[in-house]
Amino acid sequence: MSDETIANLLNEERTFPPSDAFRAQANVSDPDIYEQGRDLEKFWGDYAEGFEWFRKWDTVLEWDPPFAKWFQGGQLNITVNCIDRHLNGPRRNKAAFIWEGEPGDQRVLTFADLHREVCQAANALKSLGVKKGDRVTIYLGMVPELPIAMLACARIGAAHSVIFGGFSPDAIAERVQDSESNLVITADGGWRKGGVVPLKANTDEALRSCPTVKNVIVVQRVGSAANCKMKDGRDHWWQDLVRDQPRTCPPEPMDSEDLLYILYTSGTTGKPKGIAHTTAGYLMGTARTFEWVFDAKEDDVYWCTADIGWVTGHSYIVYGPLANGATGVMYEGAPDHPRRDRFWDIVEKYRVSLFYTAPTAIRTFMRWGDSFPNGRDLSSLRLLGSVGEPINPEAWMWYHQVIGKERCPIVDTWWQTETGAIMIAPLPGLTVAKPGSATRPLPGVDADVVDQDGNSVPLGSGGFLVLRQPWPSMLRTIYGDPQRYRDVYWSRFENLYFAGDGCKRDTDGDYWLLGRVDDVMLVSGHNISTMEVESALVDHPAVAEAAVVGKAHEIKGQGVAAFVTLRSGHALSHDMREELREHVARKIGAIARPDEVYFSAELPKTRSGKIMRRLLRDIADGRALGDTTTLADPNVVKKLRDQYESTEG
Ligand code: 6R9
């Protein structure tokens with residue numbers, strides 16, 4: 001990356017130290033913790049002592065790069081640590097989940113309720129022949145049966161493979177086949193924006209090409225609205241199967257390194273990667289980061305708005321919070337159903353104190369306007385989190401002012417499906433936050449930024465983000481394909497984990513994530529991160545969201561194409577286009593001035609809310625569109641392409 005580019009990226013000078021009041025009560029306030037994190041074995045061995053084990057480990061870490069074994073020789077069950085452990089004290093009747101359905105129905109599950117329901121579901125799985133070592137696919141919406149099903153699998157030693165409820169039959173089939181699941185748990189349907197997602201019908205279609213599946217368990221969620229057909233001998237209603245099962249189920253003793261789950265994440269090419277997580281290390285990683293990064297206390301009400309179909313939901317709706325005995329809110333539906341203040345309504349109603357969401361959601365709320373959050377009482381909030389994409393400074397400031405009322409620390413958390421737990425983030429009682437920076441690697445995380453040849457770059461420069469040491473919650477392999485695991489993550493640089501993200505470090509040593517490394521443009525020989533131009537665009541008051549891609553350009557090699565959505569109340573016009581081009585030139589420099597600006601009502605996003613720049617590149621270069629199966633709304637791309645073709649010539 002050119003020095004000029006880096007200099008531009010470093011011009012964010014606002015800093016936000018923790019308030020004295022927050023610092024005084026924080027879970028972590030001694031900076032020595034970073035030093036302690038250097039001795040990995042002591043750091044994690046001491047922490048693991050606080051959990052329940054059937055048998056203690058012999059070694060904390062065995063590292064045979066790129067294969068790590070944590071807590072080898074130990075035996076435990078993750079559900080004992082997430083549930084049973086809390087039953088002999090005041091947490092017994094504390095809410096584990098406060099669930100709200102999209103239509104407005106509610107359920108509260110205490111830890112004692114959760115224990116009973118998980119045990120009954122585990123016994124139901126056993127009654128259908130599921131045993132330790134099997135894989136179970138779960139394809140559900142955000143209903144309580146989703147975490148219950150995951151925990152029921154873990155109770156008996158089966159690995160779960162959760163598929164996001166928005167995926168298509170083809171995507172389900174591919175994942176069921178790869179994991180060789182013999183049982184699928186789904187629902188008749190799920191509620192979304194007042195309509196029904198046909199979960200069972202999608203499952204039926206997928207299973208035509210999945211001979212390994214012998215049984216399907218179907219949660220009744222939408223009733224007659226789904227008009228769901230059951231297949232004799234294969235399909236069982238959850239409610240009928242579970243109701244009369246015994247209310248206890250002995251936890252299966254699992255080796256530390258036994259497979260806990262597989263979660264598929266899309267590769268840029270080829271079939272999705274089945275990221276494999278194991279038991280003990282994953283528990284330690286998610287539990288500790290939850291306590292530290294979110295500063296979770298016994299009486300907090302925590303809400304992570306992610307879907308459990310993504311890793312954020314696995315680690316920070318299910319395992320991390322439960323391991324800490326926390327109360328978590330779970331919401332089934334859309335943020336604008338029935339109105340655009342649904343999230344703030346939920347915060348007000350349950351007095352949510354810790355709130356964790358994604359930049360794409362924050363930018364959407366910005367576009368909708370301040371009146372929605374301002375119409376609700378948000379005074380219960382005390383900490384805000386962000387995950388999933390780089391958060392541009394403008395969105396950070398809006399989150400800080402309009403949602404946090406300048407009172408709540410913001411934790412911008414960088415991590416991946418592969419890392420299992422948060423890796424780079426502020427410790428909210430210690431770290432001086434900067435809008436747009438995920439700040440520092442957490443204690444025990446050995447991150448670095450390196451150049452093409454794997455050499456560490458000096459502070460103030462950019463390069464590739466890598467991890468130098470193993471960590472407990474790291475992926476162990478790609479399911480069924482250890483060679484691909486080596487190739488994707490460990491062969492770009494010798495003995496370094498290659499995260500695939502660009503990153504710069506400022507002179508204070510703070511990390512600024514720049515997006516995936518393929519999101520970099522080469523304009524007249526200058527490396528310009530798409531993220532940087534997007535930030536400049538979103539900084540303009542009329543812009544709600546922007547996606548920027550490089551486009552083949554005769555003279556410059558690559559030119560800059562910007563796709564922009566405007567905030568409510570702003571009209572698109574030729575003047576606006578010129579104004580935005582000049583705005584970027586002013587913020588970054590003439591080199592980054594977009595050659596083309598396209599206005600669009602929406603941007604193409606994956607179902608987890610990440611902008612798919614790859615498709616925009618295809619549009620900008622007039623190529624055939626690549627794989628669109630992970631798009632949330634394929635029509636968005638079609639509209640963009642039509643518009644592009646009609647304006648280009
Ligand atoms: C947790 C999750 C991983 C990719 C990752 C990076 C991007 C996530 C980020 C962030 C900048 C953050 N990413 N958090 N970029 N700042 N705070 O999202 O996992 O779905 O596997 O995505 O998301 O590019 O490499 P996953």
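Because the structure is predicted, anything quoted here is derived from the model rather than measured. As the structure lists them, so they are numbered: ligands from 1, and atoms in each ligand from 1.
- Residue Thr360 forms a side-chain hydrogen bond (donor to acceptor under 3.5 Å, both in side chains) with just one option from Lys605, Lys610, Glu389, and that option is Lys605.
- When atom types are taken as modelled, the side chain of Tyr511 and the backbone of Val449 share no donor-acceptor pair closer than 3.5 angstrom.
- Heavy-atom contacts from other residues, nucleotides or ligands closer than 6.0 Å to CD of Glu406 number more than 12.
- Closer than 4.0 angstrom to ligand 1 by heavy atom are Val311, Thr312, Val387, Gly388, Glu389, Pro390, Asp412, Thr413, Trp414, Trp415, Gln416, Thr417, Asp501, Leu513, Arg516, Lys610, sorted by chain and number.
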**Request:** Show the numbers, then the answer: is there a side-chain contact (heavy atoms from CB on, under 4.5 Å) between Arg505 and Val457?
**Result:** CA-CA 9 Å; Arg505 241 177 337 202; Val457 300; 4.3 Å; yes
**Item:** Worked verdict on Ile422 versus Tyr316 for side-chain contact (heavy atoms from CB on, under 4.5 Å)
**Value:** CA-CA 10 Å; Ile422 298 169; Tyr316 298 108; 3.4 Å; yes
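- Without hydrogens or angle criteria, Ser437 side chain to Thr439 main chain gives a donor-acceptor distance under 3.5 Å.
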